[in-house]
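Shown next, in C-alpha cells, is the structure this report addresses.
Counting from 1, the numbers follow the sequence of the chain as shown.
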Amino acid sequence: MPDNFNGKVAVIQFPGVNCEPETVRAARDAGLEAEIFRWNMSPGLLSEAAAVILPGGFSYQDRVRAGAVAAKDRIMDKLSDLAEKGKPVLGICNGAQVLVEAGFIPGLHWERIDLALAPNVMSDREGYYCNWIYLRVEENNCVWTGEYREGEIIPMPIAHAEGRFITRDKNIIDDIRRNNQIVLRYCGEAGRLDSSFPVNPNGSIENAAGICNPEGNVLAMMPHPERASWLRQVPEDISGKWRAKRRRSCLKPEKMENEGPGFGFFASIIKEISG
C-alpha cells in the first residue's frame, strides 16, 4: 500500500464497499494519480491528498442505515478538515450516503444532518433498483461537473435501495434550490423532468440525483460515473448522442475504450487540483 497520498486522489475503502478499483481506474484514465486508502490506515496520510472519493457498495454492511456507521469512522474527522479547506470530495452511491449521514451535504450547517437518503419509492416495486437513467446537469458551481455544460443530458447507471433525497424541513429545500446546490436531476431522455417512476427512479425530492455543498467542492451523487467512464460500458439501447457513439464504435475495439458519459466527473477536477 502507498505510504503517502501527496497530490493523489484517495479512494476510501471502508469494509463492504465494492467499487474502489473501478473508481481508481476511472480517475487514473482521466489523468489523475489515484490510490486506494484502506480504512485502517492513518488518517494523517490524507493531509496532502489532492482529492478524496468515497465509492459505492455497502460500507459496514449498511448496518443501522446505509452509510451510518462509516459516517462515524475516524477518517471522516480528517475528511471534514479537508472539505472545509476546499479539497474536492466526491461520494458515489454509498459514498453519497456517508456524506449525508456525516452532515457534509447539504452543508448549510456543517455536520448537522439536514438531509437523508431514504428507501426508494417506486410505483410497481420496492427495494433495490438497478438500471440506466438520464441526468440533467443544472446551473451550479460544483468542481466535479466543470466538464459538462448546463442542461447537458448524461446517461448513467444507478444501483441502490436507499437513494431518495428527503428532508423534513422545507426551508432546507428552499435554501439548496436558491444556492444552486442541486447539481444533477433525474430526467427523461430529452431532458424533461418527471417526478414519477421510472424517470425519477427513487422518488427523490426535486428529482435530485446529486447535491453539493454551497462552496461546490463536496458532491454526493447516487448514480455511478465509474460505471459509465468508457464507451464499452454504455448499453446499446441508450438514447441520444451516446447511442450513436456506441454504435459507430461497436466493431472497433480500440474506440470502445474511449471516454463514456461519466468520464467528465473525474476529468473535471484536474483544473481544480492543478490550480
Side-chain angles (χ1 to χ4, degrees), residues 1-105 107 110-111 113 117 143-144 159-160 162 212-213 215 217-222 224-227 229 262 265-270 272-275:
M1 299 300 291
D3 57 7
N4 77 76
F5 285 79
N6 297 354
K8 300 177 182 176
V9 176
V11 179
I12 307 297
Q13 182 192 54
F14 288 121
V17 301
N18 57 21
C19 298
E20 64 274 30
E22 301 97 316
T23 304
V24 166
R25 184 177 176 190
R28 288 176 177 172
D29 273 19
L32 300 162
E33 286 191 77
E35 301 282 357
I36 291 174
F37 182 95
R38 294 173 63 88
W39 78 99
N40 53 3
M41 299 174 76
S42 170
L45 293 173
L46 294 172
S47 295
E48 300 301 324
V52 178
I53 300 177
L54 301 167
F58 306 89
S59 60
Y60 294 100
Q61 300 180 322
D62 279 354
R63 294 191 180 194
V64 183
R65 292 183 306 278
V69 176
K72 303 296 187 293
D73 194 286
R74 60 179 184 153
I75 293 173
M76 298 307 294
D77 292 331
K78 187 64 179 178
L79 261 59
S80 178
D81 293 339
L82 297 176
E84 283 200 289
K85 292 175 181 175
K87 287 286 178 69
V89 177
L90 172 65
I92 301 170
C93 195
N94 187 242
Q97 294 162 337
V98 174
L99 292 179
V100 168
E101 287 284 343
F104 289 19
I105 296 295
W110 192 245
E111 297 188 338
I113 300 176
L117 281 161
V143 300
W144 292 96
H160 58 252
E162 300 171 33
C212 71
N213 64 340
E215 293 76 19
N217 62 304
V218 183
L219 172 63
M221 61 184 292
M222 290 308 299
H224 283 266
E226 83 284 3
R227 298 180 188 177
S229 287
F265 285 89
F266 303 99
S268 289
I269 62 166
I270 292 178
E272 184 73 16
I273 291 174
S274 61

For C93 against A159, the heavy-atom pair lying closest together: SG-O, 3.5 Å

For residues I269 and A51, report the shortest heavy-atom separation together with the two atoms involved. CD1-CB, 3.8 Å

Report yes if some heavy atom in the side chain of L79 is under 4.5 Å from a heavy atom in the side chain of L54; otherwise report no. yes

Measure the CG-CG distance between L46 and N4 for me, rounded to the nearest 0.5 Å. 11.0 Å

Given the side-chain rings of W110 and F104, with only the six-membered ring counted for Trp, is the space between their centroids under 6.0 Å? yes

Give the minimum heavy-atom separation between E101 and I113, together with the two atoms involved. O-CD1, 3.2 Å

In Å, rounded to the nearest 0.5 Å, how long is the span from NE2 of H224 to OG1 of T23? 8.5 Å

Gap between atom CZ of F266 and atom CG of L90 - 0.5 Å precision: 6.5 Å

Decide yes or no for V52 and F5: does some side-chain heavy atom of the first lie under 4.5 Å from some side-chain heavy atom of the second? no

Name each donor-acceptor pair under 3.5 Å that joins a side chain in residues 31-45 to protein atoms two or more places apart or in another chain, with its distance.
from : atom 1 : to  : atom 2 : distance (Å)
E35  : OE1    : R28 : NH2    : 3.3
R38  : NH1    : Q13 : OE1    : 3.1
S42  : OG     : G44 : N      : 3.3

With a 4.5 Å heavy-atom cut-off, do K78 and S47 have their side chains touching? yes

Is any side-chain heavy atom of E226 less than 4.5 Å from a side-chain heavy atom of P55? no

Does the distance from a Lys or Arg side-chain N to an Asp or Glu carboxylate O, for E162 and R65, drop under 4.0 Å? no

Is any side-chain heavy atom of I75 closer than 4.5 Å to one of F14? yes

Shortest non-hydrogen separation from A70 to M76 and the atoms involved: O-CG, 3.3 Å

Just by modelled atom types, is the A66 backbone N or O under 3.5 Å from a matching donor or acceptor in the N94 side chain? no

Return the CD to CG distance between Q97 and D62, rounded to the nearest 0.5 Å. 6.0 Å

Let me confirm one number: the CD1-OG distance from I273 to S268, rounded to the nearest 0.5 Å. 11.0 Å

How long is the gap from CD1 on I92 to CH2 on W144, to the nearest 0.5 Å? 8.0 Å

Could you pull out the closest heavy-atom pair between A30 and I270, with the gap in Å? O-CD1, 2.8 Å

Side-chain (K87) to main-chain (A49) donor-acceptor, under 3.5 angstrom: yes

Side chain to side chain, E48 and K8, heavy atoms closer than 4.5 Å: no

Compute whether any side-chain donor of one residue and acceptor of the other, for N213 and E215, lie under 3.5 angstrom apart. yes

Which pair of heavy atoms, one from V17 and one from S59, lies closest together, and at what distance? CG1-CB, 4.1 Å

